[in-house]
Undergrad: 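A single structure is presented below for examination.
Both ligands and their constituent atoms are indexed starting at 1 by order of listing. For reference, positions follow the sequence shown, starting with 1. These figures come from a predicted structure and were not determined experimentally.
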Amino acid sequence: MSEPRDESRMEFLLGLRRRGINDASVLRAMEEVPRDKFVGSEFMEGAYADQALPIACGQTISQPYIVAYMTEQLDVKPHHRVLEVGTGSGYQAAVLSHLAKEVITVERYRTLADSARTRLETLGFQNVTVLVGDGLSGVPAHAPYDRIIVTAAAENVPQELTNELADNGVMILPVGPHSGAQRLVKIRKEGTELNQTNLIWVRFVPLLPGQAREL
Ligand code: SAH
């Protein structure tokens with residue numbers, strides 16, 4: 001007989017398929033990353049439900065469907081170097097690490113960055129680098145990136161990030177007001193042109209400037 005946890009993990013994958021995620025490599029990555037290890041022990045029971053959950057510093061781990069959707073839209077190839085802005089728990093970075101050559105992820109809260117780094121190391125994710133800093137001003141030390149994913153809502157598309165996209169690079173980010181719904185936007189860089197496609201409506205915590213001040 002299988003554990004309830006196995007059943008909820010199976011239901012988790014079926015739910016993603018039902019909602020239209022069909023890229024096999026994305027589904028495999030979602031299957032392989034244990035979301036229960038990225039949430040606090042008080043939320044472990046609901047780790048495989050399709051819901052965002054609170055993490056430290058007043059932030060959230062995104063809803064699994066949105067993680068899978070953004071990952072699928074990002075179209076990550078095995079030779080890609082990916083930048084994530086907004087490490088949070090490290091969950092999205094872990095999913096990306098299965099698909100990309102290298103993942104650089106930046107978080108403005110040192111507390112979150114440190115715990116995500118420890119968690120990813122403990123779980124054996126070796127191609128992820130967690131940095132503390134303000135992703136809004138870009139991460140030039142490792143640029144350019146084949147793919148950029150922003151997991152907090154920007155009021156406008158940050159030019160510092162589009163500047164760091166490689167030619168034919170793709171960036172996905174939620175754009176819109178900090179309170180209310182935002183539009184997920186996909187930007188492809190072709191030569192000097194940026195081509196934008198609007199995707200689904202989403203609700204993310206705000207992308208804020210500067211490294212966070214912590215007590
Ligand atoms: N991807 C995360 C969820 C992130 S929630 C996960 O899988 O768990 C959004 C995160 O973006 C928060 O942790 C927030 O602190 C961070 N953030 C907001 N503005 C930022 C900025 N300018 N630079 C880096 N991180 C930022």
Undergrad: Please confirm whether Ala212 comes under 4.0 Å of ligand 1, counting heavy atoms of the residue only.
TA: no

Undergrad: For ligand 1, note which part of Tyr91 has a heavy atom under 4.0 Å away: side chain, backbone, both or neither.
TA: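 Looking at Tyr91 and ligand 1, atoms from backbone and side chain both fall under 4.0 Å.
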
Undergrad: Students should be able to answer this: which protein heavy-atom is nearest to atom 21 (C) of ligand 1, and at what distance?
TA: Leu208 O, 3.5 Å

Undergrad: Please determine, by modelled atom types, if Glu190 and Asn168 share a side-chain donor-acceptor pair under 3.5 angstrom.
TA: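 No, no side-chain donor-acceptor pair sits under 3.5 Å.
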
Undergrad: Aromatic contact between Phe125 and His98, with the criterion being ring centroids under 6.0 Å apart: yes or no?
TA: yes

Undergrad: Relative to ligand 1, is Val205 under 4.0 angstrom through side chain, backbone, both or neither, heavy atoms considered?
TA: side chain

Undergrad: Among all the protein's non-hydrogen atoms, which is closest to atom 3 (C) of ligand 1, and how far away is it?
TA: Thr60 O, 3.2 Å

Undergrad: Please identify which atoms of ligand 1 are closer than 4.0 Å to at least one heavy atom of Ser89.
TA: 6 (C), 7 (O), 8 (O)

Undergrad: Which residue supplies the protein heavy atom nearest to atom 7 (O) of ligand 1, what is that atom called, and how far is it?
TA: Gln92 N, 3.0 Å

Undergrad: Heavy atoms only, cut-off 4.0 Å: how does Glu107 contact ligand 1, side chain, backbone, both, or neither?
TA: both

Undergrad: Please identify which atoms of ligand 1 are closer than 4.0 Å to at least one heavy atom of Gly135.
TA: 21 (C), 22 (N), 23 (N), 24 (C)

Undergrad: Could you identify the single nearest non-hydrogen protein atom to atom 9 (C) of ligand 1 and state the distance to 0.1 Å?
TA: Thr151 O, 3.3 Å

Undergrad: Quick one, Val33 with Phe38, criterion side-chain contact (heavy atoms from CB on, under 4.5 Å). Give me CA distance, side-chain angles, the key distance, then yes/no.
TA: CA-CA 9 Å; Val33 180; Phe38 291 79; 3.6 Å; yes

